[in-house]
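Report on one structure; see the data block that follows.
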Amino acid sequence: MRRVVDAFLVTLLCTATAALTGCSRSEPRQQLGSATVYGTVPAGDHAVAAPAASPADDGNWVMPGKDYAATRFSALNQVTPANVSKLALSFTFSTATSHGYEAPPLVVNGTMYLITPFPNYLYALDLTKPGAPTKWVFKPKPLAASQGVACCDTVNRGAVYDAGKIFFNTLDGQTIAVDANSGQQVWRTQLGDIQKGETITMAPLVAGGKVLVGNSGGEMGVRGWIAALDEGSGKLAWRAFNTGPDKDVLIGPRFKPFYPMDQGKDLGVRTWPPEAWKIGGGTVWGWLSYDPETKLVYYGVGNPGPWNPDQRPGDNKWTTGVFARDIDTGQAAWFYQTTPHDLFDHDDINEIILADIPWNGQRRPVLFRPARAGFFYVQDRRTGQVLSAAPFGYVNGYKGVDLKTGMIIPNPEKATHAGRVVRDICPASPGMKDWNPSAFSPLTGLVYIPHNNLCMDYGAMQANYISGTPYVGADVKMYAGPGGNRGAFTAWDPIHQKKVWEIPEDLPVWSPALVTAGGVVFYGTMDGWFKAVDARTGKQLWRFKAGSGIIGQPISYRGPDGRQYVAVVAGVGGWAGAIVSAQMDPRDPTGALGFANAMKDLPQKSTAGGILYVFTLAR
Amino acid sequence: MSSPWRVSLVAIGLAALALAGCNREERHSRSKPIGETVPAGTSPDTIWPGGTVAQTADPRARLYDNNAPAIAAGQQLYTQMNCVGCHSHGGGGMGPALMDDQWRYGGRIDQIATTIAEGRPNGMPSWRSKLTEDQIWKLAAYVRSLSGQPSKDAVASRAESMSSTTPQTLTPREPAHTSDTAAQ
Amino acid sequence: MSIQHYQSIFGNAATETRQFNTLFVIFLVVCAIMYLAVIAFLILGLVRRRRSDAANTVEEGRHHDSNPRMQAGLIGWAAVVGTGLVALAIASFVADRSMAVAAAHEKLSITVTANQWWWDVQYNAADNSKMVRTANEIHLPVGVPVHIYLKSNDVIHSFWVPSLAGKQDLIPGRENDITITPRKLGIYRGQCAEFCGAEHAKMALVVDVDSYSDFIKWWRHQLEEAAPPATPLAKAGYAFVTSRNCGACHAIAGTPASGTVGPDLTHLASRRTLAASMPMGEGNLYGWVADPQSIKPGTRMPTIGLEPDQLHAVVAYLETLK
Amino acid sequence: MIPQRVKQEDERLARERAKLARDGPKLKGAKLEARLERTWRRPPGILGWLATVDHKEIGRRYIVTALIFLALGGALAAVMRLQLAVPDNNLVGAQRYNELFTMHGSTMMFLFAVPVMEGVAVFIIPLMLGTRSTAFPRLNAFSYYMYVFGGLLLWGAFALNIGPDVGWFAYTPLSGPQFSPGKRADVWAQMITFTEVSALAAAVVLVCTILKTRAPGMTLARMPLFAWAMLVVAVMIIFSMPAVALCSSMLISDRLIGTNFYNAYEHGDALLWQHLFWFFGHPEVYIIFLPATGFVSVITETFCRRPIFAYPVVVLALISTGILAFGLWVHHMFATGLPRVGYSFYTSASMTVAIPTALQIFCWLATMWDGRPRLQVPMLYVIGFIVIFVIGGLTGVIIASVPLDLELHDTYFIVAHFHYVLIGGAVFPLLGILTYWFPKITGRMMSETLGKIGFWMLFLGFQLAFFPMHFAGLLGMPRRVYTYPAGLGLELPNLLSTVGAFVVASAVVLFVINGLFSLYRGTIAPQNPWGATSLEWATASPPPPYNFAHIPVVESRTPLWDAKGELPVVTGLRVDEKEILLTTVVAAAPDLREPVPEPSLWPLIAAIAVGVLFVSSIFSPWAVVFGAIPAAIATAAWFWPKELKRHPEPVIS
């Protein structure tokens with residue numbers, strides 16, 4: 001009898017252990033850093049960049065998106081998959097700052113301009129001379145106190161060159177124009193007020209004689225707006241708020257949202273509890289695109305405040321959505337709300353790529369949006385109608401997007417309420433992809449998406465509002481999503497809405513992407529690898545170990561000597577790298593609004609410090 | 001019959017004796033308002049020209065340093081006054097970490113109270129106009145508990161919220177170093 | 001103006017308490033009858049064959065086991081007690097079910113969130129911009145059933161307005177609810193009924209049952225922003241309240257003060273009570289603002305130590321917040 | 001064929017056994033009592049006093065300590081009543097008042113009510129069953145020491161201003177780590193650990209004593225009703241105490257090492273505490289009430305000169321009350337928002353538990369009706385019990401109904417209800433039984449006149465103090481409020497209650513004076529002062545250390561009334577060694593001789609070690625690890641087997 005009992009116990013034990021090991025996510029454990037091919041590059045007709053918004057490449061890089069269509073595509077093709085392995089370091093430059101470096105270097109006719117995170121120095125480097133010595137440095141001297149209201153590292157996402165002037169924003173809410181040759185200030189306009197918690201970190205968009213700037217501070221109870229300054233004088237042309245009555249939001253007769261959920265009078269007031277819209281967030285800190293043909297500027301709006309959804313019942317218009325406005329008057333043309341009554345801080349500020357796709361026989365003007373909630377949106381850019389939306393990673397916070405009503409279908413199990421932690425919400429607050437923009441190649445028709453693979457536990461609580469202090473009301477802990485890799489670099493076919501190839505990465509891929517006509521895609525990882533992969537197959541071709549994690553925008557330009565150069569600035573930081581750039585203590589998992597829990601190992605993998613690296617093919 | 005009486009009398013006498021020693025639980029919720037003349041806690045690594053001046057401990061420290069109700073009130077203020085937004089549960093973020101051993105402006109309770117009241121250049125707001133002195137000192141007492149300074153029986157093991165750092169009743173006391181100025 | 005303090009269970013001002021009264025009377029009558037029977041049996045038993053104080057000798061012990069009549073009495077008594085209790089149980093179920101059924105259809109929805117030692121009242125509305133937030137006071141239209149959702153931010157409290165309905169606990173992590181259908185106009189006082197810390201005794205609330213038109217008028221008034229101060233003293237008070245300590249915890253619509261951890265003060269002066277314990281009035285305002293810790297020791301509101309002129313200014317401004 | 005060697009061994013043992021001294025025909029009278037005295041006497045001196053295992057010493061200490069805590073708890077109640085005498089009073093601040101009502105509740109429930117019942121039982125049960133000692137006498141000593149250390153911990157903390165202030169029920173999250181800073185709630189939770197270990201130990205002692213050491217012939221059907229009551233109570237303790245042990249330990253671990261049992265954010269639940277606490281809470285109040293029914297049965301039987309009417313009905317009523325008590329704890333939680341259909345089960349269960357008690361009351365009244373009642377002081381207390389307790393029982397039926405309880409829960413109506421059932425139901429019979437067994441414990445009678453005055457003061461004072469509380473509750477006064485505003489009509493009931501409270505206090509003081517006075521100058525008690533029938537009156541007062549010279553034999557339910565001359569006895573127990581006779585469970589036929597452990601200091605040392613472990617585990621989790629070593633050593637030494645000096649004894653034929 002004893003033996004029977006022992007046998008039974010043994011079998012019981014081993015079935016239990018088998019069940020335990022088997023229950024981690026079913027996906028096979030991919031080999032980090034190597035591509036898994038899911039399909040082939042679509043043959044035949046495929047998407048092309050919107051013609052008006054993507055003029056021919058003159059070898060310069062004058063704005064972060066490369067062009068108004070935000071393709072981040074360089075037409076230079078000297079570097080090809082065959083010879084990319086011979087890329088060599090041409091010169092480097094230290095920016096003397098130690099916070100997250102998210103901006104691209106700008107190259108204009110033989111001069112490279114670098115805008116650094118706080119204290120926002122502007123360097124001009126003379127590319128014509130060997131070693132690119134510094135021509136001049138412009139120091140805007142922003143207020144030191146502004147560091148206290150910058151929620152997710154004191155970053156700056158880039159400057160813009162236009163008509164002889166460099167335009168950029170400073171952390172303490174000023175927009176400055178500097179003469180590109182002499183480095184003298186042309187004009188300076190104060191737009192944000194740090195006492196209210198407002199900062200500015202975005203790269204402006206200069207088009208139609210206007211400089212478009214939006215504020216940051218969704219976590220500080222700021223009321224979001226976008227402002228247009230006259231390019232010459234810096235005087236305010238118009239300012240459109242993202243909450244409040246229609247006259248503040250510049251909504252007038254021209255406003256025709258496609259879906260009924262966005263139609264109605266003064267929705268910016270009626271979808272909020274009284275007074276809540278005044279401190280309701282909806283900031284504009286991401287990317288703008290512009291279609292010169294229709295003179296419409298497209299931009300996304302940030303998250304509603306506070307993170308605790310119970311404190312702001314209602315759809316919380318016009319947060320977490322996409323606006324299209326006329327650039328001259330600021331009047332809104334259409335709006336589409338991606339996540340009404342946002343539950344997980346899914347700001348909708350990601351890049352908007354303007355493209356024309358084949359649509360039963362003729363070309364349809366659309367916009368591509370790899371959105372933060374995890375869906376790749378293809379929308380008609382004239383009306384905002386959602387043509388298709390498919391998840392480009394593991395999503396359980398939402399069940400899908402209903403194309404008839406345009407409404408995202410929430411998953412009630414994951415609905416966050418004050419007083420109880422909701423576990424295992426995917427994607428986490430930084431979303432399937434945060435601010436770091438993807439690149440679109442008209443040659444392959446694919447969108448190259450650098451993104452995360454994170455889930456989170458989310459515990460909302462009552463938030464108290466004191467101007468100038470954080471107005472969040474949630475504890476968050478993030479961790480790796482299914483498969484155990486915290487990031488991935490995905491090539492996405494926007495027409496058939498499916499993955500072509502994907503490279504799983506250990507750390508979240510927080511660097512923007514660059515694709516060149518030569519068929520090479522460049523991106524960086526947070527532990528400092530600057531990688532080049534084949535645009536068609538994702539095979540890794542070349543990589544370089546930089547001094548710090550890479551979250552900056554790689555660019556490619558034609559140097560004075562006519563050769564193709566590739567440049568990137570390494571400097572870990574931003575929200576994902578705050579654990580390093582802000583010297584946080586990894587023992588607190590809820591640090592940096594929960595990101596610290598997912599990045600405990602980053603301090604061993606990367607130190608802080610912003611350095612420029614410029615490569616070219618060895619002679 | 002008489003022996004149990006003797007035992008209980010002795011026990012009560014012992015208890016009365018120990019009464020004076022223990023003020024860990026003493027609740028006090030009112031103290032005089034912020035006076036301009038109250039000496040501010042100076043930062044730790046100041047050079048004292050002509051030799052160090054003897055520092056007198058601030059009399060209020062005794063009321064707050066190891067006082068459980070003060071630390072509990074400080075814990076609630078830490079969340080309600082949005083300190084958690086910048087310093088998280090001690091790990092830092094927008095603001096520096098408070099659970100480690102580095103105190104740029106001093107880790108004594110009066111120095112922390114001065115930092116809270118006056119604010120600091122790199123973004124620490126000044127709370128002098130928003131919080132009373134009693135509230136500021138309670139906040140300072142809680143901030144010290146993030147790095148395990150007060151005695152283990154005066155701190156709370158957890159709050160009624162998502163569990164984050166390991167309970168303060170189990171974390172060892174961090175040695176208080178001076179500032180790490182390189183990290184400006 | 002003194003509030004008619006009406007906190008008796010027999011206030012009988014809502015359908016719920018009407019059923020309570022009838023049930024209570026039934027139980028009282030049945031229990032009284034049972035009690036009189038027991039006492040009568042006791043007294044008769046004692047008087048009937050009482051012995052004098054003669055010596056207690058062992059011999060006098062008597063053995064008297066069987067007493068058929070008494071055994072029959074026992075069975076009879078068991079039957080009476082059993083049926084009495086069953087009847088009471090059934091009466092209780094019937095009353096309970098009818099109350100639950102009444103809760104089916106309500107038109108007005110309120111969320112009451114209990115905090116340590118005051119009530120945060122929020123009127124929900126389909127159009128969110130019409131939501132009203134007030135503290136320690138609930139206005140109800142007579143005859144309209146209202147559904148009150150009960151939540152707590154810290155410990156367990158218990159929402160109880162004796163004249164209107166039975167109590168329900170407010171438990172952190174759960175959402176309880178209660179239905180009230182007020183029948184009689186009037187002011188009814190309630191109090192927290194679950195021990196919740198130092199100032200449990202001073203956590204009262206007032207329910208003001210108005211006519212439907214008065215209720216709508218009150219609701220519309222509550223939506224208005226705070227009137228800007230007129231007199232110089234009130235202006236000085238406004239400057240202090242919005243720039244100094246008060247704004248960190250309290251919200252006044254239309255001013256920069258938007259703290260959520262303390263009660264909403266936009267229409268403070270129009271409320272009947274102050275600090276969930278005292279009738280509203282200038283004297284109480286002065287006492288409370290000057291030194292709240294002496295009135296409710298341990299409350300979250302600190303003693304700021306205002307100079308006399310600041311105190312006059314603040315109270316002057318608060319009194320404009322009708 | 002028994003082998004030769006074994007036969008010789010048997011003969012040798014038989015010869016040696018013959019030489020042993022036994023209580024039998026050869027040895028009786030004064031010589032026997034002198035030998036027994038020397039064997040059973042407590043070793044001298046203070047160490048002997050601490051090492052005693054005599055159930056009478058331990059029982060006496062239990063009763064005296066419990067009465068001291070009654071006095072201390074009563075004093076707190078007096079201060080509370082002074083604070084509530086007038087509206088908006090500030091005699092005592094909010095914080096101090098919260099400590100007062102927490103200490104009053106905890107002291108009365110955990111340090112007075114349960115221990116005093118155990119104390120009386122530990123003293124009387126062995127005498128009533130006709131044996132010389134309880135089973136496990138050292139466990140009995142350990143139980144007392146754990147109890148007194150728990151009391152010292154609670155009152156020591158109160159004196160050091162770290163006493164608990166969260167109520168005797170300590171609902172989370174108020175008693176949780178965030179809203180109860182410092183060590184106040186830990187002290188309360190650890191006091192619970194002390195008292196529940198003590199109660200469990202005493203319960204085990206009582207169950208084994210009642211089932212195994214009854215005098216031969218005392219079958220279960222002839223066992224006195226007080227013994228039945230204590231058997232049911234002991235079993236209830238064993239089943240209910242673990243629930244409060246579990247929830248108080250979980251609270252301590254939440255407060256000490258940050259577990260999330262009661263943290264709603266991490267999917268813990270505040271109601272988990274309430275369910276576990278009240279699953280123990282309601283049986284607890286029946287643990288306090290059932291011994292009192294035993295007292296009433298004893299007094300009624302003696303003073304009505306008649307066995308209790310329908311003995312089997314009373315026994316079944318006791319057992320069914322004990323079982324039903326575990327099925328109705330949710331009536332403490334009618335306002336927490338659980339499903340209403342579920343509540344109706346608990347309404348019916350709460351009403352069903354009233355039926356067995358009603359039957360017991362009928363049987364007592366029938367005994368009075370059929371007997372010849374004599375209104376001496378104990379009988380007066382029984383009459384007071386009937387008058388007061390039935391009101392409390394009926395208000396209990398009222399608040400068993402959900403709609404009524406939603407209005408009455410946590411108001412002074414409930415305070416009135418439980419004071420009626422606890423003071424009426426337990427304290428009145430207790431004072432009656434203390435007067436009744438005072439001569440047995442001390443050898444002297446309490447003064448009858450002082451007793452009568454004391455009774456009427458207590459009875460009238462009680463009505464004046466607690467009846468107005470019904471009206472205070474109906475007028476809307478919640479429980480545990482340190483003050484109330486004027487103008488709600490609460491002024492008069494509170495003032496009356498305060499006056500009544502002081503009358504009750506003076507009545508208790510008078511009872512104590514009567515006790516102390518009679519201790520030295522009371523009339524010497526005769527052999528059987530009340531003409532009672534149970535065995536404890538068959539020996540001297542106060543009983544000698546060995547209780548009975550010869551173990552009596554019982555032939556009926558009322559031994560003393562039925563025995564013609566001398567009680568029949570059984571002989572053969574050793575005289576040179578402490579020995580008791582074990583009998584079978586149902587028929588009480590003689591079964592085994594059981595050697596009785598010697599007095600020893602180890603139970604005290606074990607209690608100190610476990611006490612140090614409990615108190616230091618308030619401050620550090622490591623105390624549980626390092627504290628366990630001395631506790632293990634002490635308990636090992638306590639149970640260390642002494643080599644058997646005696647010879648194997650054949651079973652008594």
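The chains referred to below are lettered A, B, ... by the order of the sequence lines, with proteins before strands, and numbering in each begins at 1.
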Problem - Top of D:Gly182, D:Pro177, D:Gly151 for chain B proximity - count of heavy-atom pairs under 4.5 angstrom - result: D:Pro177
Side chain / backbone / both / neither for [X] at chain B, heavy atoms under 4.5 Å:
X: D:Ile257; result: both
X: D:Asp254; result: both
X: D:Thr259; result: backbone

Problem - Distance-only side-chain donor-acceptor flag, B:Tyr64 / B:Asp134, under 3.5 Å - result: yes
Exercise for the section: Select all residues of residues 153-165 of chain B having any heavy atom within less than 4.5 Å of some heavy atom of chain D, and report them by number, or 'none'. Expected result: B:Asp153, B:Ala156, B:Ser157, B:Arg158, B:Ala159, B:Glu160, B:Ser161, B:Met162, B:Ser163
Problem - Minimum side-chain heavy-atom gap B:Ile71-B:Pro150 below 4.5 Å - result: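 Touching, per the 4.5 Å side-chain cut-off.
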Exercise for the section: Answer yes or no: is there a side-chain heavy-atom contact under 4.5 Å between D:Phe261 and D:Asp269? Expected result: no
Problem - Where D:Phe123 and D:Lys56 come nearest, the two heavy atoms and their spacing - result: CD1-O, 3.3 Å
Problem - Spatial distance of atom CG (B:Asp65) from atom CZ (B:Arg60) [nearest 0.5 Å] - result: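 It is 12.5 Å, given to the nearest 0.5 Å.
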Practice task
Using ring pair (Phe, Tyr, Trp, His ring centres under 6.0 Å) as the criterion, list what pairs up with D:Tyr262, not counting sequence neighbours.
Solution key: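 For D:Tyr262, the residues satisfying ring pair (Phe, Tyr, Trp, His ring centres under 6.0 Å) (neighbours in sequence not counted) are D:Trp273.
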Exercise for the section: Please lay out, stage by stage, how D:Thr442 and D:Ser518 fare under the test side-chain contact (heavy atoms from CB on, under 4.5 Å). Expected result: CA-CA 9 Å; D:Thr442 64; D:Ser518 318; over 6 Å; no
